[in-house]
2 protein chains.
Amino acid sequence: MSKQALPVIQPISSDTSGGACCAPLACEPLRQAEAEELAPLFKAIADPVRLRLLSLIACHEGGEACVCDLTDAFDLTGPTISHHLKVLRQAGLVDCERRGTWVHYWINPASLERLSAILAPRMAATA
Amino acid sequence: MSKQALPVIQPISSDTSGGACCAPLACEPLRQAEAEELAPLFKAIADPVRLRLLSLIACHEGGEACVCDLTDAFDLTGPTISHHLKVLRQAGLVDCERRGTWVHYWINPASLERLSAILAPRMAATA
DNA sequence: GTTCCGGTTAGACGTTCATCTAAACAGCGG
DNA sequence: CCGCTGTTTAGATGAACGTCTAACCGGAAC
């Protein structure tokens, strides 16, 4: 348990006019309701398969990928991939649309950004 | 966020395993090994109790909180809180130290920052 | 229409997880 | 030394999760 220089977490004016969206964890204590709303989102990305799915979709050209591309990247059955995609969809992290034979998925950037902001030790400051 | 000389939130080094540390999800596809290393970290925060614990610790004056303060904030038994703190500790998200009777916990800011950076839609100004 | 292919849904099975109670451990004060 | 308080560990239990196989749906091609 090594001690280190204290973080010096600053309140940085949580002026982000977003309301209940983005005050970082370190700014003010999360209330229970917020925590219970946020936890499922983190749970959705707290799986190696889903993390890779998100990444594959995000990196795919055009910002979207079809399920067949995704399935090929794993040693898992189709239904399993479909299940993970559903979890991501229900969490609002991705959206999808059927176009002809194939179903295309793309990232919902706002949701990822929200999670990122929550974890940011502080908003500005950057070195 | 009109950056042209982008801030480039840095890796924090601290890569305990592969060189896989910091490219945001949307920059290049996460490899399996990276995903499997990252997922447990997200899993650690993917619980409302642990999210609130993190926040309570981060916001507490001096940047650290003792277990008794934390336990009071929940309708859960001591052992349950202790269990959640252990999960956070094993994930490297918090550190602790016993000082006399009480055990003090504080955030490991680097780990949170790392997770935040991974979720950041992208670092540079694509688009 | 019928057949084939891509993708999802349904249900089952074993594992992991959150929580509890009981017991142990660590300091402090008499 | 002994009891008291704060914290962690151990073990049990029920719920949630990840994966599979089998079955189903939607669209395209024959």
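Convention: sequence-line order gives letters A, B, ...; per-chain numbering from 1.
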Dump the pairs, protein N or O against N or O of nucleotides 1-6 of chain C, anything under 3.5 Å, distances to one decimal.
none

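- In this structure, the NZ atom of B:K86 is 16 Å from the P atom of C:dT19, given to the nearest Å.
- With hydrogens and angles ignored, the 3.5 Å screen pairs no side-chain donor or acceptor of B:D95 with any backbone N or O of B:W106.
- In this structure, A:V94 and A:I107 have side chains that are in contact, with non-hydrogen atoms separated by less than 4.5 Å.
- A salt bridge is absent between B:E37 and B:K43; no separation between the charged side-chain nitrogens and carboxylate oxygens falls under 4.0 Å.
- When heavy atoms are screened at a 4.0 angstrom cut-off, B:Y105 is found touching the sugar-phosphate backbone but no base atom.
- By the side chain to side chain donor-acceptor pair (under 3.5 Å) test, A:S111 is found to be paired with no residue, residues two or more places apart in sequence or in another chain being considered.
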Show each protein N/O and nucleotides 14-18 of chain C N/O combination with a separation under 3.5 Å, one pair to a line.
residue: C:dA18; atom: OP1; partner: B:R50; partner atom: NH1; Å: 3.2
residue: C:dA18; atom: OP1; partner: B:R50; partner atom: NH2; Å: 2.8

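- Within the nucleic acid shown, A:L76 comes within 4.0 Å of sugar-phosphate atoms alone, with no base atom in reach, counting heavy atoms only.
- Every residue two or more places apart in sequence or in another chain that forms a side chain to side chain contact (heavy atoms under 4.5 Å, CB included) with A:R98 is listed here: A:V103.
- Nucleotides of DNA chain D nearest to A:R99 and A:G78 differ in position, and the one nearer the 5' end is that of A:G78.
- Side-chain contact between B:I118 and B:P24 is absent, with no heavy atoms from C-beta onward closer than 4.5 Å.
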Would you mind writing out the side-chain donor-acceptor pairs for residues 64-72 of chain A within the sub-3.5 Å range, not counting sequence neighbours?
residue: A:E64; atom: OE2; partner: A:R99; partner atom: NH2; Å: 2.1
residue: A:D69; atom: OD2; partner: A:H60; partner atom: NE2; Å: 3.4
residue: A:T71; atom: OG1; partner: A:V67; partner atom: O; Å: 3.0

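- Annotation: side chain to side chain donor-acceptor pair (under 3.5 Å) contacts of B:Q32 (sequence neighbours excluded): B:E36.
- Residues B:E113 and A:L119 have side chains not in contact (no heavy-atom distance under 4.5 Å, counting atoms from C-beta outward).
- Nucleotides of DNA chain D lying under 4.0 Å from heavy atoms of chain B occupy a range whose first and last members, 5' to 3', are D:dG6 to D:dT9.
- The distance between atom CD of B:E97 and atom C1' of C:dA26, rounded to the nearest whole Å, is 15 Å.
- The side chain to side chain contact (heavy atoms under 4.5 Å, CB included) search around B:A73 returns B:R52, B:L56, not counting sequence neighbours.
- For A:T80, the side chain to side chain contact (heavy atoms under 4.5 Å, CB included) partners are A:L76, A:T77, A:H84, not counting sequence neighbours.
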